[in-house]
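Okay, structure first, notes after.
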Amino acid sequence: MKSERDKPTLKAVRAAMDEVAEPQRVAELSRFFKSGPGEYAEGDRFIGIRVPALRQLARSFQGLSHERCLSLLRSPIHEERLLALLIWVGRFPRADDKEQRRINEAYLANTTHINNWDLVDVSAEHIVGTWLRGRSKRPLEKLARSKSLWERRIAIIATFTYIKDGELEATERIAELLLDDEHDLIHKAVGWMLRELGKRDGGRERDFLRRHYPRLARTTLRYAIEKFPEAERRRWLAGPVS
């Protein structure tokens, strides 16, 4: 086992990030991730690193200590936060129960820094979802009732784990809790998970849509029925299909 002295330093991580950064992409990323005044990620900062490059860095720095990952996660730089999450995602499947618990608890204690949709989507199912596999899903219900947009998105995206396992109840439950949500990013996430649920059980998805049709945001419905046959999709957009 490496000693703390032998593990990668934050200085080494940031130097490696600087080597692959593309400063000319910063303005584009700021617009794409809505970091302007009054937008949902106001004030977020970018250095212009592409996701494939960050994934490669995450593989290279799997030995980064837990405490240094936390330092990255609390950074004002978007790509540093994403890198920390990618390192944890890569580490999680190989970690023992004690380490998985530590990562999951640190993740949930720092959701204020998991504050854009890509950060949630790359991590929620692999950390929170995986940790709760075989355990009570009440923590997801608590997240779904949160005032935090990002915690609510974590709640629904985490259920992707169980969809892949063929266990669809959690997705339905969290989706129901979020049907009256006012934020477009939740409408999209709920619709996405319903669409994924439907790939495993189309009848169950259609039954959910019929039961809750009056409460479905238009965006949620469009995402949920995206893979339906075109004629059926048009019928759903006109009203609930019997």
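- Using cut-offs of 30° and 60° for the angle between ring planes, the His183 and Tyr40 rings count as perpendicular.
- Counting heavy atoms of neighbouring residues, nucleotides and ligands inside a 6.0 Å radius, atom CD of Glu182 does not exceed 12 of them.
- Aromatic ring pairs are classed by plane angle as parallel below 30°, tilted from 30° to 60° and perpendicular above 60°; the pair Phe160 and Trp192 is perpendicular.
- Shown here is Lys199, whose NZ atom has more than 12 heavy atoms of other residues, nucleotides or ligands within 6.0 Å.
- Between the side chain of Arg102 and the backbone N or O of Lys98, no donor-acceptor pair lies under 3.5 Å.
- Arg153 contributes a side-chain N or O that, together with a main-chain N or O of Leu185, makes up a donor-acceptor pair within less than 3.5 Å.
- Listed for the Arg152 side chain is a donor-acceptor partner under 3.5 Å among the backbone atoms of Ser146.
- Side chain of Asn104 to backbone of Gln100: no donor-acceptor contact under 3.5 angstrom is found.
- Among residues at least two apart or in separate chains, side chain to side chain donor-acceptor pair (under 3.5 Å) pairs with a member in residues 154-166 are Glu125-Lys164, Arg133-Asp165, Thr159-Thr171.
- In this structure Arg233 satisfies the salt bridge (charged side-chain N to carboxylate O under 4.0 Å, His left out) test together with Glu230, sequence neighbours excluded.
- Without hydrogens or angle criteria, Arg218 side chain to Leu237 main chain gives a donor-acceptor distance under 3.5 Å.
- With hydrogens and angles disregarded, a donor-acceptor distance shorter than 3.5 Å links the side chain of Glu79 to the backbone of Ile49.
- Although no hydrogens or angles enter the test, the distance criterion places a donor-acceptor pair under 3.5 Å between the side chain of Arg206 and the main chain of Gly202.
- Nearest heavy atom pair, residue Ile174 against residue Glu141, reads CD1-N, 3.8 Å.
- Inter-residue side-chain proximity for Arg235 and Ile225 is flagged as unmet; no heavy-atom pair is nearer than 4.5 Å.
- Although no hydrogens or angles enter the test, the distance criterion places no donor-acceptor pair under 3.5 Å between the side chain of Glu167 and the main chain of Ile163.
- Heavy-atom neighbours of Arg135 CZ from other residues, nucleotides or ligands within 6.0 Å: above the threshold of 12.
- The closest donor-acceptor contact from the side chain of Lys34 to the backbone of Phe32 lies at 3.5 Å or more, if one exists at all.
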